[in-house]
Amino acid sequence: MSQTEFFIEPATILRMPSWLGSQVHEDRELPLTPGDYKVTPGDSWTVTCPKTNATIYSGIGPVTITRAHAKD
């Protein structure tokens with residue numbers, strides 16, 4: 001008998017600043033992989049998804065797109 005292992009990729013996370021202070025961030029889970037999003041810095045930071053032509057975020061920065069850390 002063989003076992004089948006399933007690998008679940010960590011979630012893609014949009015990390016943005018919080019109104020609570022510069023050391024506090026808010027995370028929002030996104031449905032696609034990090035490479036599917038484009039971050040554009042500026043006076044107003046934007047995160048877009050070229051695949052869907054959608055604006056995911058527009059506001060203060062800096063923002064990052066990353067993978068969530070695996071939970072133990």
Side-chain angles (χ1 to χ4, degrees):
M1 179 169 21
S2 66
Q3 275 186 312
T4 304
E5 291 185 34
F6 293 97
F7 176 73
I8 299 174
E9 289 187 17
T12 299
I13 300 294
L14 166 62
R15 176 158 285 168
M16 53 207 149
S18 170
W19 61 272
L20 294 172
S22 62
Q23 299 302 315
V24 181
H25 296 94
E26 294 181 25
D27 291 345
R28 182 171 135 199
E29 193 170 320
L30 300 174
L32 303 174
T33 64
D36 292 324
Y37 299 96
K38 179 182 176 190
V39 177
T40 306
D43 290 337
S44 177
W45 286 59
T46 58
V47 176
T48 55
C49 179
K51 281 186 170 183
T52 62
N53 201 28
T55 299
I56 309 302
Y57 175 84
S58 181
I60 62 171
V63 298
T64 57
I65 303 289
T66 189
R67 286 283 191 191
H69 295 291
K71 294 180 182 175
D72 296 332

Euclidean distance, Glu29 CD relative to Thr12 OG1, rounded to 0.5 Å | 8.0 Å
side-chain hydrogen bond (donor to acceptor under 3.5 Å, both in side chains) filter on Arg15, not counting sequence neighbours, yields Asp27
Pick out which of Thr33, Leu30, Ile56 makes a side-chain contact (heavy atoms from CB on, under 4.5 Å) with Ile65.
-> Leu30
Within-4.5 Å side-chain heavy-atom neighbours: Pro17 and Val63 = yes
Should Tyr37 and Leu14 be marked as a side chain to side chain contact (heavy atoms under 4.5 Å, CB included) after you check the CA-CA gap, both sets of side-chain angles, and the distance that decides it?
-> CA-CA 10 Å; Tyr37 299 96; Leu14 166 62; over 6 Å; no
Flag yes if Met16 and Val39 sit in one hydrophobic cluster, no otherwise; membership is Ile, Leu, Val, Met, Phe, Trp, Tyr, and two members link when side-chain heavy atoms are under 4.5 Å apart.
-> yes
Restricting to pairs with a member in residues 46-55, which pass side chain to side chain donor-acceptor pair (under 3.5 Å), not counting sequence neighbours?
-> Asp36-Lys51
With distance as the sole test, does Ser18 use its side chain to make a donor-acceptor pair with the main-chain N or O of Glu26 at under 3.5 Å?
-> no
Should Ile60 and Trp19 be counted in the same cluster of Ile, Leu, Val, Met, Phe, Trp and Tyr side chains packed under 4.5 Å apart?
-> no
Could you tell me which non-hydrogen atom of Pro10 sits nearest to which non-hydrogen atom of Ala68, and how far apart they are?
-> CB-O, 3.1 Å
